Amino acid sequence: MSAYKQFPKALGIGLTVLLAACGGPGNEGDSQQVDTLAQGSNDQAQVIGLGGKLFSIPSPVQTALAIRKAGLKYQKDLAIPLDKGETLTTKAAQSLALGMYGADLAYVTVHRDGARAIATMQVIERLGSAIGVSNAFDRTLIERFKTNMNNEDSLLRFSGTAFRAADQYLKENQSEDISALVLAGGWIESLYLTISDAAALKDQTMVDRIGEQKNTLSALVGLIAATEKDGNAAALLTSLKELQAEFAAVSSTYIFEKPVTDASAKTTYINSKSTVTIPADKVASITAKVAALRNMILA
Amino acid sequence: MNRTLLFSFAATLGTSAFAQPMCQPIAARCEAHITANYIPDGQFYRALLQGDESATFDLTLFGGTTYRVAACSGESDGILIFNVYDRSPEHNLLFTNKDQNNAPYWDLAIASTIDVTMEANLDPSKAGSGCAVMLIGFKK
């Protein structure tokens, strides 16, 4: 379509934006059905929703809780050295590191290492400022951390809320590429914390948890590929695809069972059963690939 | 050329200035549904929808976990419909809030880890277009 044909539509979008910013057009109540977007604004849906396709990566907090539940010993040295964040200069590396330190924060928090959690929050604050999300990670958050140090639930909620606020800010300011890198960093570090403990690889629940990452990795590859700008994540994407090749050997089974809904509790119980199997040699190769990927990011 | 430049300007303006004021109050209202018993998953899911457009995303829900899904649009609750399907070839419907009067939030208690697809679309009887926001939290 030529620019000339797009012109009226673009003008419509622009005028609607200006009207919205001024509080208009103000036709509420004219109809029960509400149109809060301009007519013919499909371009917006395409850009903001990446063509209607969104992406979700499991929270690093869930992995940290699984590690603790499995009874694995806390190893402070598995977390990234605190001074590493200072050495990263590119926005891509800082974004990945922000997500990685977020995973470390969950890990040290669920293991009740308050001093390390505060120190990690301070690194996150500096990295957040470097990539432009200082609104989410600020001094107030650190103070809230300090005053709730003995309340793990509050700490995990604060960090989850802060990362969500950062994600919202990035997505609403055309920085989906940065948002994706933060998520990628969190996922990679979570997986690293899981596989770096030899005891985890002898725990079937944790081995299953590793295998259950297969589809998340596919989503992550899709997310990075869809949002990458200027080749700033080319090496990461290549490494993730190599890791994906290792995960290809992971197999799974699924048996559907009808869910049960308790409407009064606003809860649906999803009772379908699944299993996952990873060949032993693939556990080793996945472990090696994840460690190499992490080293590449932090180099 | 001037028209091309104006198109670029309008499109840029349309995706930044427009989305923020529209989605911000919806996000704030939706956050209230992820109550203190739930830990936010750290992500913000939103799309601008028009007509029968849908926003979808795939996610893994881990066994032994209860998730809270909040879905919001427009100026009040009950405008956004969300469906949860498994990712089997049969694409079984696991939950739809349409059966629960478009409830703005719902808990999903997961017995065994499952890969699902979430799909959100506007209730056509209530909205023709708007910003759709979904938030997810989980119980520790």
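As the structure is a computational prediction, the values presented were derived from the model and not from experiment.
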* Structure fact -> In terms of heavy-atom contacts, A/D167 and B/G42 come closest through CB-O, 3.8 Å
* How far apart are the closest heavy atoms of A/D203 and A/T205, and which atoms are they? -> OD1-N, 2.9 Å
Interface residue of largest heavy-atom contact number with chain B, from [options], under 4.5 Å:
{"options": "A/T275, A/D153, A/N271", "answer": "A/D153"}
{"options": "A/T216, A/T161, A/V276", "answer": "A/T161"}
{"options": "A/S274, A/A165, A/P58, A/P259", "answer": "A/S274"}

* So, A/F55 versus B/Y45, ring centres under 6.0 angstrom or not? -> no
Which region of [X], side chain (C-beta onward) or backbone (N, CA, C, O), has a non-hydrogen atom less than 4.5 Å from a non-hydrogen atom of chain B, or is it both or neither?
{"X": "A/D262", "answer": "backbone"}
{"X": "A/Y269", "answer": "both"}
{"X": "A/S179", "answer": "neither"}
{"X": "A/L170", "answer": "neither"}
{"X": "A/L65", "answer": "side chain"}

Taking side chain as everything from C-beta outward and backbone as N, CA, C, O, which of these in [X] sits under 4.5 Å from a heavy atom of chain A? Side chain, backbone, both or neither.
{"X": "B/Q43", "value": "both"}
{"X": "B/R87", "value": "side chain"}
{"X": "B/A36", "value": "both"}
{"X": "B/I79", "value": "neither"}
{"X": "B/T66", "value": "neither"}
{"X": "B/L61", "value": "neither"}

* To do: Answer yes when B/R68 and B/D107 have at least one side-chain N-carboxylate O distance shorter than 4.0 Å, and no when they do not.
  => yes
* Lys/Arg-Asp/Glu bridge criterion (N-O < 4.0 Å) met for A/E152, A/R157 -> no
* Asked: Using non-hydrogen atoms and a limit below 4.5 Å, what part of residues 110-118 of chain B faces chain A?
  -> B/I110, B/A111, B/S112, B/T113, B/I114, B/D115
* Parallel, tilted or perpendicular, as decided by the 30° and 60° cut-offs, for the rings of A/F163 and A/F137 -> perpendicular
* Asked: Between A/W187 and A/F247, how do the two ring planes meet: parallel, tilted or perpendicular, split at 30° and 60°?
  -> tilted
* Check against ring-ring contact (aromatic ring centres under 6.0 Å, His included), B/F62 and B/Y67 -> CA-CA 9 Å; B/F62 292 111; B/Y67 292 86; 7.5 Å; no
* Step by step, work out the side-chain hydrogen bond (donor to acceptor under 3.5 Å, both in side chains) result for B/S88 and B/D86. => CA-CA 6 Å; B/S88 69; B/D86 68 21; 2.7 Å; yes
Do [X] and [Y] touch side chain to side chain, with heavy atoms closer than 4.5 Å?
{"X": "B/M22", "Y": "B/L48", "result": "yes"}
{"X": "A/H111", "Y": "A/I67", "result": "yes"}
{"X": "A/I124", "Y": "A/L141", "result": "no"}

* Determine, step by step, whether B/V84 and B/F82 satisfy the side-chain contact (heavy atoms from CB on, under 4.5 Å) criterion, reporting the C-alpha distance in whole Å, the side-chain angles of both residues, the deciding distance to 0.1 Å, and the verdict. => CA-CA 7 Å; B/V84 184; B/F82 74 95; 4.3 Å; yes
* Would you mind telling me which of B/T60, B/D41, B/N92, B/L59 has the largest number of heavy-atom pairs within less than 4.5 Å of chain A? => B/N92
